[in-house]
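One structure is given below, encoded as structure tokens.
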Amino acid sequence: MTRVYNFAAGPAAIPEWVLKKAQNEMLDYHGSGMSVMEMSHRSSEFQDIIDTTEARLRRLMNIPEEYDVLFLQGGGSLQFLMVPLNLMKKKADVINTGQWTKKAIKETKKIGECNVVASSEEATFTYIPKIKQEDLSEDSDYVYICENNTIYGTKYKELPPHEGKLLVADLSSCICSEPIDVSKYDLIFAGAQKNMGPAGVTIVILKKELLDHADQDKLPSMLSYKVHADKGSMFNTPPTWAIYMVGLTCQWLEEVIGGLDKMQEINLKKANMLYDYIDQSKLYKNNVAKEDRSYMNVPFVTGDPELDKKFVAEAKEAGIVNIKGHRTVGGMRASIYNACTVEAVEYLINFMKKFEEENLK
Ligand SMILES: Cc1ncc(COP(=O)(O)O)c(C=O)c1O
């Protein structure tokens, strides 16, 4: 068996430790005589899985008691709609940093007023706009950001001002990549398929006091955070397998990696190695403002679309897959999430060096 070096943006590489543990437990989960996929979500075994998953995530991220943790379906894309449906009374302030905030803006506008506070679209989203408190609408309910922009490779290093307003953040492509202070946010959401496991489950962490924000009589049940919270994420059949895999990923982060401080150290090491190499290279360029660079998604170009194509093709032959950049940016993108090892990044850099030697005119 040969495993490739997978730099996919999501669904993405999963730690081998997690895959092997899932494999070991596949046919007979803890003496139950069945796999987690075959279990009733109402069984005591599954209740234990979801409780343990939540407890591990709470420990890892240091989630305060006054926050609920939900495991939902519909991806980040459903959160673009659930956030305004549940939190907006009058208006939302959104900072536009790429495709994923544009989609959130589109959905928000269907529910109510949406003010785009700032945007870096004119520069192909290569930086994070810095805003001041006075840029926000006076009557907005919340400020919405995408903390790590998967496609453009930018990341907030500091949260924007949001005095007197709630802060909502899409952490789909950076959750658990570093320690964060959850109490600075009012609602966090993240699809699991980049840093937390397979596709199919979305983690929502929100202040309990927000559950009563919306008029529950008007809100469809499946779109209500309160309904899901009251039922312990089991209002309907939850994505049981995906939740189990998130639990194993949390166990890996806790017991194998040693927590989020350690994970951040490894992630910084990988990102710095790659950016340092790109910055001194005569062939590759990363167009993102240095202070806003992502530690998870590293886009780079050669400046020649034909050469980019050749890079992607030869990389594949060398066992490096899913390195093609998003169609709106072109070039290449290395997604180096938690499961991507230091060794994988070293292997990529060595390939890039060889390609540079062979192709630099
Ligand atoms: C930052 C971010 N938010 C939201 C999404 C949308 O997630 P989904 O496809 O699970 O709806 C993505 C998908 O890649 C993403 O990268």
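Numbering of ligands and ligand atoms starts at 1, following listing order.
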Ligand 1 atoms nearer than 4.0 angstrom to some heavy atom of Ser77 are 6 (C), 8 (P), 11 (O)
Run the contact test for Lys103 against ligand 1 with a 4.0 Å cut-off on heavy atoms, strictly below, and give the result.
-> no
Taking atom NZ of Lys324 as the centre, report whether more than 12 heavy atoms of other residues, nucleotides or ligands fall under 6.0 Å from it.
-> no
Around atom 1 (C) of ligand 1, find the nearest protein heavy atom and jot down its residue, atom name and distance.
-> Thr150 OG1, 3.3 Å
Best match, Thr202, Asp170, Asn149: closest heavy atom to atom 4 (C) of ligand 1 | Asp170
Closest to atom 12 (C) of ligand 1 among protein heavy atoms sits Trp100 CE2, 3.4 Å
May I ask you to decide if the ring planes of Phe189 and Tyr144 are parallel, tilted or perpendicular, using 30° and 60° as cut-offs?
-> tilted
Between Phe189 and ligand 1, which part of the residue brings a heavy atom under 4.0 Å of the ligand: side chain, backbone, both or neither?
-> neither
Do Ser137 and Asn115 have side-chain atoms, one donor and one acceptor, less than 3.5 Å apart?
-> yes
List the closest protein heavy-atom neighbour of atom 10 (O) of ligand 1: residue, atom name, distance to the nearest 0.1 Å.
-> Gln193 NE2, 2.8 Å
Check ligand 1 against Gly76 and write out every atom of the ligand that is under 4.0 Å from a heavy-atom position of the residue.
-> 7 (O), 8 (P), 10 (O), 11 (O)
Please indicate whether any nitrogen or oxygen in Ser173 is less than 3.5 Å from any nitrogen or oxygen in ligand 1.
-> no
Determine, using ring centers only, whether Tyr29 and Tyr244 are less than 6.0 Å apart.
-> yes
Going from NZ on Lys103 to CD on Glu107, what distance comes out if it is rounded to the nearest 0.5 angstrom?
-> 9.5 Å
For ligand 1, indicate whether the residue Cys146 contacts it via side chain, backbone, both or neither (heavy-atom separation under 4.0 Å).
-> side chain
Tell me, yes or no, whether the heavy-atom count around Glu358 atom CD, taken from other residues, nucleotides or ligands under 6.0 Å, exceeds 12.
-> yes
Report, in ascending order of atom number, the atoms of ligand 1 lying under 4.0 Å from any heavy atom of Phe80.
-> 4 (C)
At the 4.0 Å heavy-atom cut-off, does Lys194 count as touching ligand 1?
-> yes
Spacing of NZ belonging to Lys155 relative to CG belonging to Asn149, to within rounding of 0.5 Å | 10.5 Å
Could you tell me whether ligand 1 has any atom less than 4.0 Å away from a heavy atom of Gly191?
-> no
Under the salt bridge (charged side-chain N to carboxylate O under 4.0 Å, His left out) criterion, do Lys353 and Glu357 qualify, and how do the steps go?
-> CA-CA 6 Å; Lys353 279 183 188 161; Glu357 279 162 19; over 6 Å; no
Which atom pair, heavy atoms only, marks the closest approach of Pro161 to Leu136?
-> O-CD1, 3.5 Å
Quick one: does ligand 1 sit under 4.0 Å from the side chain of Ser172, the backbone, both or neither, non-hydrogen atoms only?
-> side chain
